[in-house]
Amino acid sequence: MTPQELWAQFTAVHPVEQDGYEAWAFGADPDGLAALVLRGEKTGTSSAYDLYQLEGEPLPQPGKYDVLLNGREEAVCILRTTKVYVTPFDAVTAGHARKEGEGDKSLGYWRQVHEAFFTQCLQEAGLAFTPETRVVCEEFEVAFRP
């Protein structure tokens with residue numbers, strides 16, 4: 001299903017006061033992470049704050065709806081952002097790591113995987129990762145699925 005088709009299905013049933021939507025996939029493992037979302041195991045994600053600043057993009061906003069894609073850019077579900085906050089990498093909590101739903105859901109696992117991921121993403125943008133690198137922590141819920 002295309003993002004446009006899923007958005008049309010969603011808005012036909014749930015009128016929203018939002019112009020348009022973003023369609024995106026998780027970067028590291030789009031299919032695996034989308035499956036965690038659909039099983040209810042993944043209700044959070046994180047990204048490097050500096051990349052938003054560099055690209056001039058606004059941070060995610062609570063109440064906003066997005067279309068989640070799989071690795072083939074097919075629409076999987078509609079997500080609604082419920083909470084967004086910015087914190088240093090080394091201050092991300094075990095609670096947030098659990099909400100990300102990956103690996104053994106521990107903070108240790110989260111830090112290991114995300115340090116490598118953020119280091120690579122930031123290096124590609126000419127930036128360096130440090131334990132103080134700011135992280136955008138986002139929480140969401142599945143608002144609609146086909």
Side-chain angles (χ1 to χ4, degrees), residues 2-4 6-7 10-11 14-146:
T2 69
Q4 297 85 354
L6 183 58
W7 185 255
F10 172 63
T11 57
H14 303 285
V16 294
E17 295 182 24
Q18 175 179 310
D19 293 329
Y21 59 89
E22 287 188 50
W24 52 269
F26 291 108
D29 177 12
D31 293 331
L33 297 176
L36 289 175
V37 168
L38 292 175
R39 288 198 306 264
E41 295 180 42
K42 182 171 182 59
T43 60
T45 192
S46 53
S47 48
Y49 176 82
D50 291 341
L51 296 180
Y52 285 95
Q53 295 298 105
L54 186 67
E55 296 169 9
E57 290 197 25
L59 295 180
Q61 295 296 310
K64 186 173 180 289
Y65 295 92
D66 292 316
V67 176
L68 179 63
L69 304 175
N70 63 20
R72 295 170 301 288
E73 298 189 358
E74 299 164 332
V76 172
C77 64
I78 304 285
L79 297 179
R80 180 181 166 276
T81 301
T82 58
K83 183 177 181 180
V84 177
Y85 59 96
V86 179
T87 191
F89 179 87
D90 61 358
V92 170
T93 66
H96 184 78
R98 205 170 24 262
K99 288 175 183 174
E100 291 223 16
E102 300 170 38
D104 65 3
K105 300 180 179 77
S106 71
L107 182 57
Y109 179 88
W110 183 91
R111 284 189 174 152
Q112 177 185 4
V113 169
H114 285 81
E115 180 174 343
F117 181 71
F118 292 149
T119 296
Q120 178 185 348
C121 292
L122 290 167
Q123 278 180 345
E124 289 172 5
L127 302 171
F129 172 84
T130 71
E132 294 81 32
T133 293
R134 291 177 293 175
V135 175
V136 178
C137 294
E138 181 178 355
E139 297 176 18
F140 54 80
E141 63 188 6
V142 174
F144 184 78
R145 61 174 57 194

Quiz item: In Å, rounded to the nearest 0.5 Å, how long is the span from CD of E138 to OG1 of T43?
Solution: 11.0 Å

Self-check item: Pairwise salt bridge (charged side-chain N to carboxylate O under 4.0 Å, His left out) hits with a residue in residues 31-49, at least two apart
Solution: D31-R72, R39-E41, E41-K105, K42-E100, K42-E102

Quiz prompt | CG on L33 to CG on L68, rounded to 0.5 Å | solution = 9.0 Å

Quiz item: How about F144 and Y65: are their ring centroids closer than 6.0 Å?
Solution: no

Practice problem: Output all residues satisfying side-chain contact (heavy atoms from CB on, under 4.5 Å) with E17, sequence neighbours left out; order by chain, then residue number. | Solution: none

Quiz item: Listed by chain and number, what are the salt bridge (charged side-chain N to carboxylate O under 4.0 Å, His left out) partners of R80, not counting sequence neighbours?
Solution: E141

Exercise. Measure across Y109 and D104 and return the closest heavy-atom pair with its distance rounded to 0.1 Å.
Key: CB-OD1, 3.2 Å

Quiz item: Checking ring pair (Phe, Tyr, Trp, His ring centres under 6.0 Å) for the pair Y21/F10: CA distance, chi angles, key distance, verdict?
Solution: CA-CA 12 Å; Y21 59 89; F10 172 63; 9.7 Å; no

Quiz item: Do you know which two heavy atoms are closest between P146 and L6, and how far apart they sit?
Solution: CD-CD1, 3.9 Å

Practice problem: Measure the spacing between CZ of F26 and CG of L36 and express it to the nearest 0.5 Å. | Solution: 8.5 Å

Quiz item: Do Q61 side-chain atoms and L59 backbone N/O form a donor-acceptor pair below 3.5 Å?
Solution: yes

Quiz item: Checking Q18 side chain against G20 main chain: does a donor-acceptor pair fall under 3.5 Å?
Solution: yes

Practice problem: Look at atom CD of E73 and say whether more than 12 heavy atoms of other residues, nucleotides or ligands are closer to it than 6.0 Å. | Solution: no

Exercise. For the pair F117 and W110, evaluate ring pair (Phe, Tyr, Trp, His ring centres under 6.0 Å) and give the outcome as yes or no after the intermediate values.
Key: CA-CA 10 Å; F117 181 71; W110 183 91; over 10 Å; no

